[in-house]
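Can you keep this structure in mind? I'll have questions shortly.
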Amino acid sequence: MDLTRLREQVSLEGKVAIVTGAFHKGGIGLAAAKELAARGAEIVLTDRPPYAAYAGAAQAALKKMGSYAVGVTADTFTLEGAKQVADAALNAFGAIDILINTAPLYCGYRRIEQVPDQDWQAAYEGNILGTAEICRAVIPHMAKRGGGSIVNQLSVWGNAATEGLSCYGISQAFLLGLSRTLATEHGNDKIRVNAVLCGYVDTPELRSAAEAFASTQGLSASEILGEMEKACSMGRLGRPEEIAAIIGFLSSEAAGYINGATLYAVSYTHLRAHETLM
C-alpha cells in the first residue's frame, strides 16, 4: 500500500479554507474548521454579528492545535459582507481553495398556514442568501486559482417532504438545488460542489431546541433527546466531529471526482420521526 500517496490525497497542506457559522463552541462549523486545520489548511473563520463574542474563543481553539486562524465577523446575508470575508482570506493568505457552509437556520415546527412572515424572511436570509452570497463571492477566486471545493452542510429535511417543516425544508431544498446547480455550472472550472445532509447532531443548538420543545410538552429535555436517538438507525445522535470528518474528506483530493453529490450523514428508522418530536 502506498501510504505516502494516501496521505497526499487526504492532506490539505497549502490550501486556504473559509468556514461559515464557525464561532459556535460545540457546533459543526468549528468542528469542521478544526478538521481542516488538522489536515494542514489555513483557516478563515466567519460568523454573523450576533455571534461576534465567540470569535476569540474559536480562534484560540485552533491556536491550541498549532494553527493560525483569521476570524471575520460579517453579515454574509449580503454580497458586501460575503466579499468582506473573501477579501480577508485573500489579504491573509492570498488564495481561496475551500468553502464550508454550515449552521443552517432552523425555523421551528409549524404547518404552512401557521408560519409567520418573519420566519419566511429569516429562512430566506439565513438559509438562502447566507449561502448563495458567499458562494458568489468566492467562486471567481477559486476559478482563477484553478479549482476548489465547496461543501454545503444542510439538513436531511431538505430532501424529505415532512409535515410541519415547510419553512425550514423548503429553504434547505433550495440549497440542495443550489449545490447541484453550482456543481454543474463550475465543474469545468474544477470547482467541486457537494452537499452533506445531516439529521440529529449533538450540538448546543439541538439541545436548546429540545429543551424549548420539552417545556411545551410537559417532558424533560432528556426524554426528547432519547426519542431523537431512537429515531436514528444507529441508536444515537451524531457528533460534530463525525460530520467534520466527512467535510474534510470532500474537501480533499481523495474526493477529487465527487461533484454534485448528496451525502447523507444519518439514516432514520423512519422518515417521519421528526413529527413526534417537534
Side-chain angles (χ1 to χ4, degrees), residues 16-37 41 43-62 67 69-79 81-86 88-89 96 98-107 122-138 149-158 168 171-172 174-176 178-179 193-209 238-248 250-251 265:
V16 178
I18 295 173
V19 184
T20 72
F23 290 174
H24 302 68
K25 181 180 180 182
I28 293 173
L30 185 54
K34 290 179 179 179
E35 174 70 22
L36 301 188
I43 307 295
V44 176
L45 305 167
T46 185
D47 218 324
R48 297 185 296 109
Y51 308 104
Y54 305 106
Q59 288 177 275
L62 267 70
S67 175
V70 172
V72 184
T73 301
D75 182 5
T76 53
F77 290 0
T78 67
L79 185 58
K83 286 181 175 178
Q84 178 186 342
V85 176
I96 301 171
I98 299 165
L99 171 64
I100 311 299
N101 288 308
T102 75
L105 177 67
Y106 179 66
C107 309
Y124 172 68
E125 292 180 353
N127 288 336
I128 295 177
L129 286 183
T131 299
E133 297 293 25
I134 192 70
C135 288
R136 291 177 64 196
V138 306
S149 173
I150 298 175
V151 181
N152 293 323
Q153 179 254 308
L154 309 178
S155 168
V156 67
W157 304 111
Y168 184 55
S171 62
Q172 291 296 291
F174 173 94
L175 293 178
L176 185 56
L178 174 68
S179 300
V193 186
N194 296 292
V196 179
L197 272 60
C198 301
Y200 299 133
V201 181
D202 193 359
T203 64
E205 289 78 12
L206 180 76
R207 289 182 173 270
S208 176
R239 295 187 290 270
E241 294 76 17
E242 292 172 318
I243 308 305
I246 297 169
I247 291 171
L250 289 174
S251 301

### Query
With Ser179, which residues qualify under side-chain contact (heavy atoms from CB on, under 4.5 Å), at least two apart?
Asn152, Leu154, Val193, Ala195
### Task
Any chance you could measure Asp47, atom CG, to Thr76, atom OG1, to the nearest 0.5 Å?
8.0 Å
### Contacts of Ala69 that satisfy side-chain contact (heavy atoms from CB on, under 4.5 Å) - sequence neighbours left out
Ile43, Leu45, Leu62
### Task
Find the distance between OG1 (Thr203) and CG (Leu30) and round it off to the nearest 0.5 Å.
12.5 Å
#### Entry: Residues forming a ring-ring contact (aromatic ring centres under 6.0 Å, His included) with Tyr51, sequence neighbours excluded
His24
### Message
If you count every heavy atom of other residues, nucleotides or ligands that lies below 6.0 Å from Tyr124 atom OH, does the total exceed 12?
### Response
no
### Message
Among Leu250, Val156, Ile28, exactly one meets side chain to side chain contact (heavy atoms under 4.5 Å, CB included) together with Val196. Which residue is that?
### Response
Leu250
### Message
Among residues at least two apart in sequence or on other chains, which ones pass side-chain contact (heavy atoms from CB on, under 4.5 Å) with Glu125?
### Response
Phe77, Gln121
### Summary
Residue set satisfying side-chain hydrogen bond (donor to acceptor under 3.5 Å, both in side chains) with Asp202, at least two apart, ordered chain then number -> Arg207
### Query
Can you tell me if Ser208 uses its side chain to pair, donor with acceptor, with the backbone of Pro204 under 3.5 Å?
no
### Query
Excluding sequence neighbours, so at least two apart, what forms side-chain hydrogen bond (donor to acceptor under 3.5 Å, both in side chains) with Glu242?
Arg236, Arg239
### Task
Let me see the working for Leu176 and Leu197 under side chain to side chain contact (heavy atoms under 4.5 Å, CB included), right down to the final yes or no.
CA-CA 9 Å; Leu176 185 56; Leu197 272 60; 4.0 Å; yes
### Summary
Residue set satisfying side-chain hydrogen bond (donor to acceptor under 3.5 Å, both in side chains) with Thr131, at least two apart, ordered chain then number -> none
### Task
Looking only at non-hydrogen atoms, find the nearest pair between Cys135 and Asn101 and report the distance.
SG-ND2, 3.8 Å
#### Entry: Partner residues of Glu133 under the salt bridge (charged side-chain N to carboxylate O under 4.0 Å, His left out) criterion, sequence neighbours left out
Arg136
### Task
Determine the minimum heavy-atom distance between Ser251 and Ile100, stating which atoms define it.
OG-CD1, 3.5 Å
### Message
For Ile128, is there any backbone N or O sitting under 3.5 Å from a side-chain donor or acceptor partner on Ser171?
### Response
no
#### Entry: Qualifying residues under side-chain contact (heavy atoms from CB on, under 4.5 Å), relative to Thr78, sequence neighbours excluded
Asp75, Glu80
### Message
Looking at Ser155, is its backbone amide N or carbonyl O close enough to the side chain of Gln172 to form a donor-acceptor pair, meaning the two atoms are under 3.5 Å apart?
### Response
yes
### Query
Of the non-hydrogen atoms in Ala74 and Gly81, which two are nearest, and what is the gap between them?
CB-O, 3.7 Å
### Summary
Tightest non-hydrogen contact, residues Thr102 and Gly21, listed as OG1-O, 3.5 Å
### Message
Consider side chain to side chain contact (heavy atoms under 4.5 Å, CB included). Of Ile18, Val151, Val44, which one does Leu99 pass it with?
### Response
Ile18
### Task
Specify the closest pair of heavy atoms between Ile96 and Ala89, including all atoms of both residues, with the distance to one decimal.
CG1-CB, 3.8 Å
### Query
When rounded to the nearest 0.5 angstrom, what is the spacing between CD in Glu35 and CD1 in Ile246?
10.0 Å
### Shortest non-hydrogen contact between Thr73 and Gln84, atoms and distance
O-NE2, 3.4 Å
### Task
Carefully, step by step, assess Tyr200 and Leu206 under the rule side chain to side chain contact (heavy atoms under 4.5 Å, CB included).
CA-CA 7 Å; Tyr200 299 133; Leu206 180 76; 4.2 Å; yes
